[in-house]
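Structure first, commentary second.
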Amino acid sequence: MGVAKSWIYTGKVYVVAKQGSLKQQNLLPEFHQCVLWAPPETAAVVGGGQRRRISWTVVCGVMLFVLGLISFFTGHVASDLEWCSQRVIVKRRLLKKKVERFNDVQQVDIWETKFSKSYYGCSERSPYYASHTHQVMSNGYLLIAASGGLNQQRTGITDAVVVARILNATLVIPELDHHSYWKDDSDFANIFDVDWFISFLAKDVPVVKRVPEKVMRSLEKPPYTMRVPRKSEPQFYLDEVLPILTKRQVLQLTKFDYRLANDLDEELQRMRCRVNYHALRFTKPIQNLGQKIVMRMRKMAPRFIAVHLRFEPDMLAFSGCYYGGGDKERNDLGEIRKRWTTLPETSPDGERKRGKCPLTPHEVGLMLRALGFENNTYLYVASGEIYGGEETLKPLRELFPNIYTKEMLANEELEPFLPYSSRLAAIDYIVCDESDVFVANNNGNMAKILAGRRRYMGHKRTIRPNAKKLNALFLKREKISWESFAKKVKAAQQGFLGEPDEAKTGRAEFHEYPSTCICKKPFEFSGLERIHHKNQTISRTLEAESEYGHNEEDQGVHNVQ
């Protein structure tokens, strides 16, 4: 039988029954009805004439279930909307930051960081720091054999003073390396002012020029020689070196470069700065010639850039890079590379992609022009023998015609220094330090030492090429416009311009980022603070002048800022 098609609404809920069952109940089809939503006594009539009560629990359960489904789906929708809105907000913030950073890069002062006047070097001793005169008697004499070129040896000398302090030892003036690649037989006294070194460090460690004859005659055996592991902690020196020193009285540490840990306590880090930036002062002949070259650059232009090209044959050989010179270049650099027996085999293309290769002089010029330096900018090129000679420098000269070297600015005056690579490097060091902008073409020892010193002296502009990103740009240089190339170079160099926040404390080489020794000037000074700050400024100025030979003989030979 079919389903009844008559429906009657009585303000309650309809029920449908088969026609056959209606006849059995003697009810008219058109009045057949059933109530679900009714008082408890109301019965529901279903097919077959049976009655069954509908429980309130079931009704409420159904309603709650329906409401739960509704809230579940609407809740998901709301959470999805909130998630999407948060993503939009985050993306907008990131985009805003990128735009701000890009605008900062576009508007950066290429000659001077805006923080240059906000920071100063602060390596003074703490009031709680005891001078060595208040300590017990010296535990013995410490001999140091430095290693490498001038700036590598400089790091060793700096750390040697700190190690002498840790061991409570008397430091003997370090011996310089005469057997390195450069074969320079200069002694400490030929490069650094020995008397100044001894007197400046008098409150830190006792320093003598040689072991007293009386002590040497009393030794039963020759001085004990040992080499400590690289980056050794102070505790290693106390546990492994001190017992030998106290027993033998005279101890020599060989190949002493980077033999002390990077991260030390604050007082020892500040001692490193006192040694590196104050105690190590060049001899008068080196100071005077370096300042004369600076003065001659200043006479031609009020501001100049010093570029440490580091494009010498030994550097290129050591790096394992290739610059398109064919078999001649491979053979030349291959022969030099044999001098380092422990160098691993590398892929030139791989090293370049990783940013491990120095830029060519042409690439350095392109980077500087893209950053905004005009072609009338004066460049001082600090370098030894450039691989490829004048032909290699030609593209850089086309971009910057005003290029000068120490040989061009001090030809005859330079002759006494020519046989000594370390003394020539010291002259370059002075000119690079006094320059308005310093460009380091690789992250070698001179680059790190000078970058650290320029930060210590007020964050003078120091540019280090982001070689990894720049390499990709140089490869497609001919395929993009100059405007696009320049924008991308500026973006790539963000974080490589010598700003204070480029490296987090403790995460980089201390000689490059001497964060413990750099203080920020307060916005306001009280009366006492102003006097104290003025005294410190005068003291540092006098030290700086004495460091580079600003005496009565050298009036007028100075850096006009």
Side-chain angles (χ1 to χ4, degrees), residues 148-155 157 176-177 180-194 196-197 276-277 280-301 304-312 314-315 378-386 393 403-441 444-451 453-454 457 460 462 544-551 553-554 556-560:
L150 174 65
N151 293 287
Q152 186 174 341
Q153 293 181 102
R154 191 180 186 113
T155 63
I157 295 166
L176 301 189
D177 189 352
S180 66
Y181 170 83
W182 297 274
K183 306 295 182 186
D184 189 334
D185 61 359
S186 298
D187 292 322
F188 189 99
N190 299 129
I191 299 174
F192 301 108
D193 187 332
V194 175
W196 171 263
F197 184 78
N276 199 0
Y277 306 135
L280 283 173
R281 188 174 70 178
F282 294 122
T283 59
K284 283 288 179 63
I286 293 174
Q287 290 178 31
N288 292 342
L289 184 54
Q291 284 298 322
K292 284 179 181 178
I293 293 175
V294 172
M295 181 185 68
R296 289 164 188 171
M297 287 295 297
R298 295 279 181 216
K299 283 184 177 179
M300 292 185 288
F304 72 94
I305 302 174
V307 182
H308 187 218
L309 276 182
R310 203 63 178 99
F311 209 71
E312 296 95 340
D314 67 291
M315 178 61 204
Y378 278 69
L379 265 61
Y380 175 84
V381 174
S383 180
E385 174 195 357
I386 299 294
L393 281 176
I403 291 181
Y404 293 88
T405 64
K406 56 183 174 293
E407 290 80 7
M408 296 169 65
L409 296 170
N411 191 4
E412 294 181 358
E413 297 158 295
L414 201 63
E415 288 183 3
F417 301 92
L418 292 178
Y420 309 102
S421 62
S422 292
R423 301 182 209 185
L424 294 174
I427 293 170
D428 276 339
Y429 180 99
I430 292 174
V431 182
C432 290
D433 181 39
E434 295 281 349
S435 66
D436 298 276
V437 175
F438 172 60
V439 180
N441 192 21
N445 294 299
M446 182 170 174
K448 290 178 181 177
I449 291 289
L450 270 170
R453 179 180 173 85
R454 291 172 67 87
M457 293 299 176
K460 293 189 288 184
T462 302
E545 289 179 350
S546 63
E547 181 175 358
Y548 284 139
H550 294 183
N551 50 37
E553 303 172 353
D554 305 313
V557 184
H558 60 281
N559 182 357
V560 182

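Residues: numbered from 1 along the sequence shown. None of the values given here were measured: they were computed from a predicted structure.
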Is any side-chain heavy atom of Ile286 closer than 4.5 Å to one of Ile430? yes
Is there side-chain contact between Leu280 and Phe197, with at least one heavy-atom pair below 4.5 Å? yes
Pick out which of Phe438, Phe282, Phe192 makes a ring-ring contact (aromatic ring centres under 6.0 Å, His included) with Tyr429. Phe282
Is the side chain of Lys299 donor-acceptor paired with the backbone N or O of Val294 at a distance under 3.5 Å, no angle test? no
Under 4.5 Å between any side-chain heavy atoms of Asn441 and His308, yes or no? no
Which residue pairs pass the salt bridge (charged side-chain N to carboxylate O under 4.0 Å, His left out) test when at least one of the two sits in residues 183-194, sequence neighbours left out? Asp193-Arg281
Quick one, Leu409 and Leu414 - any side-chain contact, counting heavy atoms below 4.5 Å? no
Smallest heavy-atom separation, Asp177 atom then Gly148 atom, equals OD2-N, 3.0 Å
For the pair Asn276 and Arg453, evaluate side-chain hydrogen bond (donor to acceptor under 3.5 Å, both in side chains) and give the outcome as yes or no after the intermediate values. CA-CA 8 Å; Asn276 199 0; Arg453 179 180 173 85; over 6 Å; no
If you compare all heavy atoms of Ile427 against all heavy atoms of Gly290, which two are closest, and at what distance to 0.1 Å? CG2-CA, 4.3 Å
Evaluate the side-chain hydrogen bond (donor to acceptor under 3.5 Å, both in side chains) criterion for residues Ser186 and Arg423: first the C-alpha distance (whole Å), next the side-chain angles of each, then the deciding distance (0.1 Å), finally the verdict. CA-CA 8 Å; Ser186 298; Arg423 301 182 209 185; 3.0 Å; yes
Which value, rounded to the nearest 0.5 Å, describes the distance between Gln153 atom CD and Ser422 atom OG? 5.5 Å
Please confirm whether the backbone N or O of Pro419 pairs with a side-chain atom of Ser421, one donor and one acceptor, at under 3.5 Å? no
Given Ile293 and Glu434, is the side chain to side chain contact (heavy atoms under 4.5 Å, CB included) satisfied, shown in steps? CA-CA 10 Å; Ile293 293 175; Glu434 295 281 349; over 6 Å; no
Roughly how far apart are Met315 CE and Ile386 CD1, rounded to 0.5 Å? 12.0 Å
Can you list every side chain to side chain donor-acceptor pair (under 3.5 Å) pair that touches residues 405-420, not counting sequence neighbours? Arg296-Glu413, Thr405-Glu407, Lys406-Asp428
Enter the distance from Glu312:CD to Ser383:OG here, rounded to the nearest 0.5 Å. 4.0 Å
Heavy-atom closest pair (Leu289 atom, Ala410 atom, distance to 0.1 Å) is CD1-CB, 3.8 Å
How about Leu176 and Ile157: do any of their side-chain heavy atoms sit closer than 4.5 Å? yes
Closest non-hydrogen atom pair between Cys432 and Met446, with its separation: SG-CE, 4.0 Å
Contact check, side chains of Arg454 and Ser435, non-hydrogen atoms, under 4.5 Å: yes
Is the distance between the ring centroids of Tyr404 and Phe304 under 6.0 Å? no
Contact between Ile403 and Leu393 at the side-chain level, heavy atoms closer than 4.5 Å - yes or no? no
Could you list the residues that satisfy side chain to side chain contact (heavy atoms under 4.5 Å, CB included) with Pro285, not counting sequence neighbours? Thr283, Phe417
